[in-house]
Engineer: 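My questions all concern the structure below.
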2 protein chains.
Amino acid sequence: MAVTIHEVAKGADVSVSTVSRAFTMPEMVNAATRRKVLQVAEELGYQPNRAARGLVTGKTGNIGVVVPDVANPFFSAMLKGCTARAREVRHVVFLADAAEDPRVEAEVVGAMAKQVDGVVLCSPRMQSEHLERLVGTTPIVLINRDEAGLPAVLMDSADGARQALEHLAALGHRRVAHLTGPPASWAGEQRRDGVRAAAAAGDVETVELGPFPPTFQGGVQAADLALARGVTAVLAFNDLMAVGVLNRLAARGVSVPGDISVTGFDDIEMSAMTTEPLTTVRMPMEAAGRAAVDLLLDGLDAPEPRDGVPTHRWLGTQLIVRSTTAPPREGTTDGDTATRALVGR
Amino acid sequence: MAVTIHEVAKGADVSVSTVSRAFTMPEMVNAATRRKVLQVAEELGYQPNRAARGLVTGKTGNIGVVVPDVANPFFSAMLKGCTARAREVRHVVFLADAAEDPRVEAEVVGAMAKQVDGVVLCSPRMQSEHLERLVGTTPIVLINRDEAGLPAVLMDSADGARQALEHLAALGHRRVAHLTGPPASWAGEQRRDGVRAAAAAGDVETVELGPFPPTFQGGVQAADLALARGVTAVLAFNDLMAVGVLNRLAARGVSVPGDISVTGFDDIEMSAMTTEPLTTVRMPMEAAGRAAVDLLLDGLDAPEPRDGVPTHRWLGTQLIVRSTTAPPREGTTDGDTATRALVGR
DNA sequence: ATGAAAGCGCTAACAT
DNA sequence: ATGTTAGCGCTTTCAT
């Protein structure tokens with residue numbers, strides 16, 4: 001069926017090992033024979049079977065990537081980084097969508113384990129114990145989760161949260177809602193800690209609402225609760241949620257940022273997609289994907305922990321203010337205005 | 001390193017063939033021995049090496065998916081459908097992002113060919129000849145492209161375009177811009193044909209602008225051109241582009257849909273993400289992904305073309321009107337008002 | 001019902 | 001520089 005190395009060997013009148021070498025160690029074979037081999041291979045349309053190769057070398061040239069939800073722009077940006085970098089280093093990616101389900105996460109890693117050189121786990125929701133069990137199975141690099149000793153690419157969500165809250169405080173906000181996402185999200189925890197610390201330091205009161213699904217719908221749902229609590233600003237788990245909030249606020253006739261300021265965490269692309277002023281904490285998702293692949297491959301080259309080679313990569317975040325965010329109006333601090341804005345209709 | 005079938009065999013004190021059978025043909029092995037084998041396997045954490053299995057069976061249990069751009073919600077929705085369906089039928093997906101580059105498309109299919117049972121090509125931009133060359137390599141199913149004899153999942157973009165244009169005409173629009181996307185897009189051609197036909201039938205004039213990149217930025221860029229041509233409505237290649245248009249219109253102070261109506265083609269999720277009234281032609285992307293996987297697997301079961309089993313699946317589209325889209329104002333038909341709206345600032 | 005052995009396509013010693 | 005051979009982990013005849 002498929003054209004094998006044997007056929008190329010026959011066609012070029014050499015042994016299979018020569019063909020193999022012509023591809024994998026070109027220096028070790030006579031220039032003339034190599035040319036011939038490559039030419040015959042080309043004519044026959046030969047492509048080495050990477051699975052068979054992996055069987056003997058122990059290296060598949062594949063890397064697995066597991067995301068909680070491909071359709072979430074947050075993760076598709078990550079995925080983009082992974083696939084792009086993987087291609088550059090001649091690897092192929094195995095993708096699994098865990099559907100935000102911790103059990104599925106563990107399951108798919110198991111299924112991929114044997115046919116990949118390692119796995120990049122994006123914001124895994126699974127429990128630490130499960131994670132630890134998987135570690136024995138295959139090399140793993142985490143994105144946005146810090147687990148004892150595991151190589152990871154981390155984003156400074158806590159600092160992002162601080163930046164956002166200080167910004168809001170500077171604008172005069174004294175009561176802001178923090179919409180939380182999946183309880184098992186490490187980044188979510190970081191943000192919560194960052195928010196709490198900044199709130200304490202900056203003399204602003206925060207109202208923690210949630211958990212909400214990290215989706216557009218989650219934001220819609222959260223908006224009503226936030227409104228009812230009379231806040232003047234909202235800090236959403238991610239931009240998808242933030243956009244949902246904006247949408248719902250608009251539907252209820254609340255003006256942004258006149259009545260309420262909205263801020264989300266995300267990669268810039270998403271937040272650019274609304275015409276409402278949406279301040280964003282930029283998370284370098286694509287860079288994180290690329291970094292994770294590099295970390296994985298670095299680790300593969302050196303099975304033994306080496307000195308001087310970092311197993312963690314820490315990525316900063318950046319606050320993007322997209323509007324002349326207006327401070328809350330006089331007397332709004334207690335939330336009355338915002339509340340009134342909708343009670344009135 | 002990894003736990004192999006031999007170790008399980010040793011542990012359960014049976015031969016490797018028995019272990020193999022216990023997994024792949026459970027009926028053929030004594031219930032007691034099978035239980036024992038399965039238990040030992042469980043204890044050892046044995047997972048069959050699917051690559052090795054594929055080497056002998058010829059079936060890898062993997063399917064390849066190639067998309068022009070994972071970060072485009074249009075395609076990530078497709079991808080979601082593919083991964084979800086693949087998991088249901090116990091397959092794993094190999095993902096490649098072609099970066100909107102036809103050459104990369106062909107290249108990655110080649111790279112995956114040997115380790116997948118077939119490939120789903122989403123809206124491939126590559127030339128027909130390249131496509132035909134690939135067909136010999138591995139089973140292929142196309143999404144949103146109709147190529148002689150190849151199994152495909154098609155969406156009725158032309159009809160969607162007709163629905164959109166009729167809707168605009170019914171609202172009184174007489175001059176609408178059609179923003180085109182990648183020239184090599186089959187769906188784009190369909191839409192163009194649909195738009196032209198409907199325009200001729202419905203007595204509305206269309207201004208074809210483009211090609212633009214099928215991105216948010218593409219829309220920003222297109223908006224200025226559309227405005228300059230004095231249209232009262234815009235039909236964008238996809239929602240991403242449409243949202244870019246909205247954003248730019250807002251920046252230039254043009255009101256939507258007061259001055260201009262905007263319509264895009266896309267899966268509903270994306271279009272829900274703006275607070276502006278954005279009419280959308282809903283493309284069932286996720287369903288298409290699922291259907292493509294099914295088609296691929298069906299075809300695999302029957303290497304010979306069978307009667308009664310469709311090789312094509314045709315998915316309808318649906319117009320989603322999200323607003324009380326206002327008709328153009330008096331005297332606006334020639335586009336003066338819209339144009340004036342920005343000349344004034 | 002179970003085992004022994006051949007071999008899938010490839011690479012890596014080990015010859016020569 | 002090139003050929004020979006022994007597997008990689010698995011399934012699948014073919015025996016028993």
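In what follows, chains are A, B, ... by sequence order, proteins preceding strands, each numbered from 1. What's counted below: heavy atoms across the whole structure, side chains too, no hydrogens, waters or symmetry copies.
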Engineer: Name the residue closer to the 5' end of DNA chain C, choosing between B:Thr33 and A:Val19 according to the nucleotide with the nearest heavy atom.
Structural biologist: B:Thr33
Engineer: Given 3.5 Å as the limit, does a donor-acceptor pair link the side chain of B:Asn144 with the main chain of B:Leu154, or not?
Structural biologist: no
Engineer: Quickly work out the A:Asp117 CG to D:dC8 P distance and round it to whole Å.
Structural biologist: 19 Å
Engineer: Roughly how many Å is it from CD in A:Glu27 to P in D:dA1, rounded to a whole number?
Structural biologist: 10 Å
Engineer: To the nearest angstrom, how far is B:Asn30 atom CG from C:dA1 atom C1'?
Structural biologist: 7 Å
Engineer: Please check if atom CG in A:Asp13 has more than 12 non-hydrogen atoms from other residues, nucleotides or ligands closer than 6.0 Å.
Structural biologist: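 Counting neighbours around CG of A:Asp13, 12 or fewer heavy atoms of other residues, nucleotides or ligands fall under 6.0 Å, so no.
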Engineer: Hey, which of B:His91, B:Met112, B:Arg85 is the one that makes side chain to side chain contact (heavy atoms under 4.5 Å, CB included) with B:Ile63?
Structural biologist: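 Result for side chain to side chain contact (heavy atoms under 4.5 Å, CB included) with B:Ile63: B:His91.
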Engineer: In whole Å, what is the span from the CD1 atom of A:Ile5 to the P atom of C:dG7?
Structural biologist: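 Computing the A:Ile5:CD1 to C:dG7:P distance gives 18 Å.
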Engineer: Nearest whole Å is fine: how far is D:dG9 P from B:Gln115 CD?
Structural biologist: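 Rounded to whole Å, this separation is 18 Å.
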Engineer: Scan nucleotides 3-6 of chain D against the protein and return all N/O pairs shorter than 3.5 Å with their distances rounded to 0.1 Å.
Structural biologist:
{"from": "D:dG3", "atom 1": "OP2", "to": "A:Ser15", "atom 2": "N", "distance (Å)": "2.7"}
{"from": "D:dG3", "atom 1": "OP2", "to": "A:Ser15", "atom 2": "OG", "distance (Å)": "3.1"}
{"from": "D:dG3", "atom 1": "OP2", "to": "A:Thr18", "atom 2": "OG1", "distance (Å)": "2.7"}
{"from": "D:dG3", "atom 1": "N7", "to": "A:Arg21", "atom 2": "NH2", "distance (Å)": "2.8"}
{"from": "D:dG3", "atom 1": "O6", "to": "A:Arg21", "atom 2": "NH1", "distance (Å)": "3.4"}
{"from": "D:dT4", "atom 1": "O4", "to": "A:Ser17", "atom 2": "OG", "distance (Å)": "2.9"}

Engineer: Any side-chain heavy atom of B:His6 within less than 4.5 Å of one from B:Lys10?
Structural biologist: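 Sidechains of B:Lys10 and B:His6: no contact.
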Engineer: Once rounded to the nearest 0.5 Å, what's the spacing between atom CZ of B:Arg145 and atom CG of B:Leu121?
Structural biologist: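 These two atoms lie 8.5 Å from each other.
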Engineer: Taking atom P of D:dG9 as reference, at what distance in whole Å does atom CZ of B:Phe23 sit?
Structural biologist: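 Interatomic distance, CZ of B:Phe23 to P of D:dG9: 16 Å.
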Engineer: Mind checking whether B:Ser185 and B:Ser123 have side chains closer than 4.5 Å, heavy atoms only?
Structural biologist: no
Engineer: Is there a donor-acceptor pair closer than 3.5 Å between any side-chain N or O of B:Ser20 and the backbone N or O of B:Val16?
Structural biologist: no
Engineer: A:Arg35 CZ to D:dA1 P: how many Å, rounded?
Structural biologist: 15 Å
Engineer: Expressed in angstrom and rounded to an integer, what is the separation of A:Arg34 atom CZ from D:dT2 atom C1'?
Structural biologist: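 Taking atom C1' of D:dT2 as the reference, CZ of A:Arg34 is at 14 Å.
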Engineer: Verify side chain to side chain contact (heavy atoms under 4.5 Å, CB included) between B:Asn49 and B:Thr4, making sure each step is shown before the conclusion.
Structural biologist: CA-CA 8 Å; B:Asn49 182 323; B:Thr4 79; over 6 Å; no
Engineer: Among residues 46-62 of chain B, which contact DNA chain C at a heavy-atom distance under 4.0 Å?
Structural biologist: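 The stretch gives B:Leu55, B:Val56 as the residues lying under 4.0 Å from the strand, ordered by number.
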Engineer: May I ask you to say whether B:Lys80 pairs ionically with A:Asp69, meaning some side-chain N is under 4.0 Å from a carboxylate O?
Structural biologist: yes
